[in-house]
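Working notes for the structure below.
The chain is numbered in sequence order, starting from 1.
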Amino acid sequence: MKDMLEQLARWAAAGWLRDLDQAFAAFMAREAGDADPLLLLAAALASHQLGRGHACLDLQATLDDGAVALALPPEDSDATEATPAGLLAGVDLTRWQRALAHPRLVGSGPGSTPLVLEGARLYLRRYWQHERTVREAIAQRLALVQPAADNPGLRAALDALFPPAAAGETDWQKVACALAARQGFSIVTGGPGTGKTTTVVKLLAVLQHLALGDGGGRRLRIRLAAPTGKAAARLNASIAGTVQGLPLLGLPNAAALRAAIPTEVSTVHRLLGSRPDTRHFRHDARNPLPVDVLVLDEASMVDLEMMAAVLAALPSAARLVLLGDKDQLASVEAGAVLGALCRRADEGHYTPATRDWVRAATGEILPAYLMDRQGLPLDQAVVKLRKSHRFSTDSGIGRLAGAVNDGSVASVRNLARQQHADIAFTSLGADDAALRRLVLEGPDSYRHYLEILSARQPALAAPRAAFDAWAAQVLAAYGAFQLLCAVRKGPQGVERMNQRIAAMLHTAGLLRAAGGWTLGRPVMVTRNDYGLGLMNGDVGITLALPHSEGEAEAGWKLRVAFAASDGSSGIRWVLPSRLQAVETVFAMTVHKSQGSEFGHAALVLPDRMSRVLTRELVYTGITRARNRFTLASAGDAAVLEEAVQRRMERAGGLLA
């Protein structure tokens, strides 16, 4: 035992493990002095995997290839230490499971042990419980057939909201709307521009129409939520526009129906009622949310713990609708909930009973190749929207995203050779010439927002409304371009890129300083600040306001302008000194870009392969672009091609 603890301490000192991982193993040793060293190793590795986004430690995968399963030793390590694979040499799964058979430390189900072993999966108890909560809550809702399923008005409402599709085409939005009305849990997944927001707004119209009836029914209590402030604001704006454009004339009492569809979107934290300095929320199983329908957007960003909290806080009869792109990166925290729930979505797996119900409820015919007599209950609740309305069939962005998502290296190579107006491939050389062209010379480069900042700044005596309008213009212009990085460290990492870009902009006379708080500096909040009402991922621009009335000194004072998180056109002004957790975002990681769209997105790939480079990361970077996408590679094509072939796999047993 002593030798193992000393080895874990050396790994922590070398940066292979977190101090938390080592401390957890030491705690286990103190709790049981007779614990097998392989148990202490497993405890440290289970904690380590949690920090990497895995819900558990997969024992068999670790034994098969520990370097890949654990990402140990780290890529920047000289590997002079003994490795986990070395310590496990000669150990098979049976031997490791036997070492974990300690009743005070490892259980197999409900109890109080710190660890839970399910087959070859070792969990920290809290995450085993989160998986169980999510699994059981979804199963309960799948079994709950909603009254709308048998309402004779469902077909008429759907026909009124969805115009006839082209001959031979399945209207997947209509199908998704119908199946979501059928039961207490549903998922609508699809890539950019496939109409997820339109679908859910029409779903809410259908549900409210059926609930209100001829005017004597009760309006459903509907809430809309997203994981981050910027995702909430984006959905808010999209929902509001979609509601106003809904074709409701074919339904009775259209004005009342339109008013019954909510447009306000909150963050999940605000919805549940965050309690500072605790992981718990005001709303939970004992104090459920007062809601009949909850729509959760950007669900790929929702981690296992948060999904468990949402489901625990939902009344048992409430309906949950998840929206998201299953092919995007999973949440930063542990779990890949949406990806796991949608793992069979491409093939459909709809049963004949579902096919018949869909035809009766919508008139749509599900394709034969998506039928499966052995389809699972979950399969019947998941609909993939398969037609993009944003990207045409010959769109470079759409085709590149599809090629990456399919893992087709040949298609990616062909697109790199072809000429598409909306995509570009460029090499980042040893000098900064290519990077300078990206961030300084394009019509949508950072020069654009900084010139607007300078040219349109109101006069010192202008009213506050003028400064709010100016801030909104600057924030919109900033969103026209974003440089995305795949990694944090190294020459092409987000930290160095931010320094290099700031220096370029300063040299060009667009920034007064290359560091610190200066006019024009964009910052991202990196930790929720409930006192300021700012959430992790919110982006603001450093601007200047006149000194407040009563201040002795005349002139300007720096403030950071954030778009209001309620999706309105309002601006929130914050003193830089009050922002305790922010970072400059001339460059941001792909993970941090989730929930955002930019007119032009440029993805920087490093000069060498990294474990974080996966198909999902490249796809997510591409799909942040609305109009133009640039792939900027510091290395050769092999880095991109290997990334396209590598899937992100997260250990867990949500559907096991």
Side-chain angles (χ1 to χ4, degrees), residues 161 177 180 186 188 195-209 211-212 218-246 248 254-274 281-283 287-299 301-302 306 309-310 313-315 318-324 468 471-472 475-476 479 525 528-540 561-572 594-597:
L161 287 166
C177 190
S186 58
V188 181
K196 296 185 290 293
T197 302
T198 300
T199 301
V200 80
V201 169
K202 291 184 177 182
L203 167 66
L204 299 182
V206 168
L207 295 177
Q208 288 289 31
H209 165 68
L212 293 171
R218 179 181 69 84
R219 177 189 293 197
L220 295 174
R221 299 167 298 174
I222 299 173
R223 295 295 302 273
L224 309 170
T228 66
K230 61 182 177 180
R234 181 177 153 207
L235 178 62
N236 196 316
S238 179
I239 286 274
T242 305
V243 168
Q244 290 307 309
L246 271 182
L248 297 176
L257 182 57
R258 199 181 305 276
I261 303 172
T263 57
E264 180 180 347
V265 184
S266 71
T267 64
V268 180
H269 285 85
R270 288 194 183 99
L271 173 78
L272 296 179
S274 296
F281 296 95
R282 184 165 57 86
H283 289 290
N287 179 31
L289 289 162
V291 64
D292 300 306
V293 181
L294 174 61
V295 175
L296 185 51
D297 192 27
E298 295 289 355
M301 300 169 64
V302 180
M306 183 58 73
V310 168
L314 274 182
R319 188 192 309 266
L320 176 63
V321 182
L322 302 183
L323 304 180
D468 286 353
L475 285 165
V525 177
N528 294 342
D529 189 325
Y530 301 106
L532 293 176
L534 296 174
M535 296 291 113
N536 186 359
D538 288 348
V539 172
F562 292 89
S565 59
D566 60 2
S568 69
S569 58
I571 297 294
R572 177 171 303 192
Q594 288 183 269
S596 298
E597 287 182 353

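- Annotation: the span from Leu257 atom CG to Leu246 atom CG amounts to 8.0 Å, rounded to 0.5 Å.
- Within the 4.5 Å cutoff, side-chain heavy atoms of Leu314 are placed close to those of Leu320.
- You'll find the side chain of Leu224 stays beyond 4.5 Å of the side chain of Glu264, heavy atoms only.
- By the side chain to side chain contact (heavy atoms under 4.5 Å, CB included) test, Ala240 pairs with Thr263, sequence neighbours left out.
- No side-chain heavy atom of Leu235 sits under 4.5 Å from any side-chain heavy atom of Val295.
- Contact of the Phe562 side chain with the Val525 side chain is registered, since non-hydrogen atoms from C-beta on lie closer than 4.5 Å.
- Residues that satisfy the salt bridge (Lys or Arg N to Asp or Glu O under 4.0 Å) test with Asp292, not counting sequence neighbours, are Arg218, Arg221.
- In this structure, CG in Leu220 is found 12.0 Å from NE2 in His209, a value given to the nearest 0.5 Å.
- With sequence neighbours left out, the side chain to side chain contact (heavy atoms under 4.5 Å, CB included) criterion links Ala299 to Leu322, Leu338.
- Residues satisfying the side chain to side chain contact (heavy atoms under 4.5 Å, CB included) criterion with Pro315, sequence neighbours excluded, are Pro288, Val291, Ala318.
- Atom CG of Leu207 is separated from atom CZ of Arg319 by 4.5 Å, given to the nearest 0.5 angstrom.
- In this structure, the side chains of Val200 and Ile239 come closer than 4.5 Å at one or more pairs of heavy atoms.
- Arg223 places no side-chain N or O within donor-acceptor distance of the main-chain N or O of Ser266, the cut-off being under 3.5 Å.
- Although no hydrogens or angles enter the test, the distance criterion places no donor-acceptor pair under 3.5 Å between the side chain of Glu298 and the main chain of Ala231.
- Looking at Asp529, its side chain never comes within 3.5 Å of a backbone N or O of Leu534 through a donor-acceptor pair.
- Using a 4.5 Å heavy-atom threshold, the side chains of His283 and Leu271 count as separate.
- With sequence neighbours excluded, the residues forming a side chain to side chain contact (heavy atoms under 4.5 Å, CB included) with Thr242 are Thr197, Thr198, Val201, Ser238, listed by chain and number.
- Judged by distance alone, the side chain of Lys202 and the main-chain N or O of Leu161 form a donor-acceptor pair under 3.5 Å.
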